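Just so it is clear, the model here is predicted, and its values are computed rather than measured. Naming convention: chains lettered A, B, ... in sequence-line order (proteins, then strands); numbering from 1 in each chain.
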Amino acid sequence: MGKTKSTAKNGEKDLGRAFAKGLLQWNRQENSREMPWKGEADPYKIWLSEIILQQTRVEQGWKYYERFIQTFPTITDLAAAPDQAIFKLWEGLGYYSRCRNLIATARFIATERNGIFPDTYGEILALKGVGPYTAAAIASFAYNAPYAVLDGNVFRVLSRIYALEQPIDTTEGKKVFSQLAQEQLPEKQAAAYNQAIMDFGAVICKPVPNCSQCFFQEQCQAFLGNKQALLPIKSKKTQIRERWFHYIVLQYGNAVAIQHRTAKDIWQNLYQPLLIEADKKLNKNEVLLQLEHSYGIRPAQYEVISAAVNLTQKLSHQTIHFSFIHLEVKKKPQLEGFQWVVKNELERYPFPKTLQQFLSKN
DNA sequence: TTCCTGGCAT
DNA sequence: ATGCCAGGAA
């Protein structure tokens with residue numbers, strides 16, 4: 001009663017403390033990651049670097065940061081510049097709404113706050129283009145305020161050291177991780193700790209981790225269970241592709257044209273009838289038009305025997321919609337890459353299950 | 001070549 | 001829940 005819970009909690013806290021301690025030591029002794037804004041005290045420069053780094057790798061943002069600081073040494077300089085000059089400096093970085101928000105925030109601070117950058121988490125969070133991550137980063141780096149950053153690195157590191165299978169891409173998961181991150185933060189060393197955990201995620205606990213170089217290997221719950229490559233968990237299945245396979249069963253006498261699938265795709269090395277693939281559903285006329293375009297087989301050369309049968313097959317990462325058109329040709333067309341197989345010998349060839357089922361019934 | 005990553009605004 | 005973007009990984 002209650003005991004299990006508090007024991008687990010204590011265990012968790014111990015693990016967290018051990019990690020934080022080791023992390024800070026790693027940061028002092030081994031972390032050699034350098035960045036032009038690291039250790040910076042000017043909130044303007046920290047803010048600028050964080051906006052540039054949103055969705056952007058350090059290596060790419062580096063040069064942009066340097067050019068911005070050279071061109072606009074203070075937020076007042078930035079606020080006074082014409083939009084176009086600022087966009088020109090941003091050119092190539094992507095996510096251009098960040099630049100719009102950057103301009104709006106610079107002008108807001110220059111005109112409404114006499115160029116003084118806000119110094120509380122809440123006020124920082126209220127700035128355009130600043131969300132929870134960026135607000136915590138600025139508040140901690142500029143003012144050492146005790147707000148834990150939660151970015152992709154932190155999700156990854158925390159999910160691994162605790163072997164948490166909680167998905168990170170759900171509202172619930174974000175809540176759990178942000179609470180854990182906050183509990184984990186050594187309050188008086190917010191700046192050092194926040195920078196350290198992100199550096200650690202970037203150089204050691206990478207998506208493909210360098211566990212052999214990790215100070216926490218012996219305590220990391222993921223490493224101990226050999227799950228480090230599986231964490232963090234994301235709930236959203238990789239986007240399911242929708243494909244429409246319009247098969248044309250070409251029959252000549254008692255023989256059917258089939259084709260060997262060789263592309264690096266599903267069903268490699270299996271066989272299939274003539275395929276018209278599309279990323280949307282085509283009606284019969286569209287399919288037959290495509291047949292003429294791709295293979296030069298014109299309506300005059302065949303008779304349509306049967307209408308389309310529609311089937312669907314779900315794979316982990318794609319959904320295949322099938323339709324079939326059965327055509328009888330009066331003369332055998334020249335078809336590169338196809339072989340004509342008499343119907344009762346079709347069973348010798350390997351087909352995908354859905355095709356096998358269809359062909360055996362028709 | 002395609003796939004994956006990543007904070008915020010909407 | 002999606003779109004925004006570019007670059008590195010697979």
inquiry  = Is the distance between the ring centroids of A:F19 and A:F200 under 6.0 Å?
reply    =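 A:F200 vs A:F19: aromatic centres under 6.0 Å.
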Rounded off to whole Å, could you give me the [atom1]-to-[atom2] distance for the [X] and [N] pair?
{"X": "A:E59", "N": "C:dA9", "atom1": "CD", "atom2": "C1'", "value": "13 Å"}
{"X": "A:N153", "N": "B:dT5", "atom1": "CG", "atom2": "P", "value": "13 Å"}
{"X": "A:Q60", "N": "B:dG7", "atom1": "CD", "atom2": "C1'", "value": "15 Å"}
{"X": "A:R57", "N": "B:dG7", "atom1": "CZ", "atom2": "P", "value": "10 Å"}
{"X": "A:R98", "N": "B:dG6", "atom1": "CZ", "atom2": "P", "value": "14 Å"}
{"X": "A:W62", "N": "C:dA6", "atom1": "CH2", "atom2": "C1'", "value": "20 Å"}
{"X": "A:Y133", "N": "B:dG6", "atom1": "OH", "atom2": "C1'", "value": "11 Å"}
{"X": "A:L102", "N": "C:dC5", "atom1": "CG", "atom2": "P", "value": "15 Å"}

For [N], does either OP1 or OP2 sit under 4.0 Å from a side-chain N or O belonging to [X]?
{"X": "A:Q54", "N": "B:dG6", "answer": "no"}
{"X": "A:K206", "N": "B:dT5", "answer": "no"}
{"X": "A:K128", "N": "B:dC8", "answer": "no"}
{"X": "A:T56", "N": "C:dG7", "answer": "no"}

Contact nearer the 5' end of DNA chain B, comparing A:Q55 with A:G129 =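 Whichever sits nearer the 5' end wins; that is A:Q55.
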message = As a test of reading the structure: which of C:dC5, B:dG7, C:dA10 is closest to the side chain of A:T134, going by heavy atoms?
response =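 It is B:dG7.
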task = When you get a sec, tell me which of B:dC8, B:dG7, B:dT5 is the closest nucleotide to the side chain of A:P132?
result =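 Of B:dC8, B:dG7, B:dT5, B:dC8 is nearest to the side chain of A:P132.
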query = Are A:D83 and A:R100 ion-paired here, with the side-chain N under 4.0 Å from a carboxylate O?
reply =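 Answer for the salt bridge query: yes.
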query = Does the distance from a Lys or Arg side-chain N to an Asp or Glu carboxylate O, for A:D199 and A:K38, drop under 4.0 Å?
reply =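 Between A:K38 and A:D199 there is a salt bridge, with a charged N closer than 4.0 Å to a carboxylate O.
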Transitive ILVMFWY cluster of A:Y147, excluding itself - 4.5 Å side-chain cut-off =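 Once heavy-atom contacts under 4.5 Å are chained together, A:Y147 belongs with A:Y121, A:L125.
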query = NA contact type, A:P207, heavy-atom cut-off 4.0 Å: base, sugar-phosphate, or nothing?
reply =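 Answer is nothing: A:P207 stays at 4.0 Å or more from every strand.
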ask   = What nucleic acid atoms does A:R156 come within less than 4.0 Å of, heavy atoms only: base, sugar-phosphate, or nothing?
value =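 Contact class for A:R156: sugar-phosphate only.
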inquiry  = Need to verify one output field. Residue with the more 5' nearest nucleotide on DNA chain C, A:T171 or A:G92?
reply    =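 The 5'-side residue here is A:T171.
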query = Does A:Y95 make a side-chain donor-acceptor contact with the base of B:dG6, cut-off 3.5 Å?
reply =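 In this structure, the two groups form a donor-acceptor pair.
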request  = Tell me, please, whether A:Y95 has A:R98 positioned over its six-membered ring: NZ or CZ under 6.0 Å from the ring centre and within 45 degrees of its axis?
outcome  =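 The answer is no; the distance or angle limit is not met.
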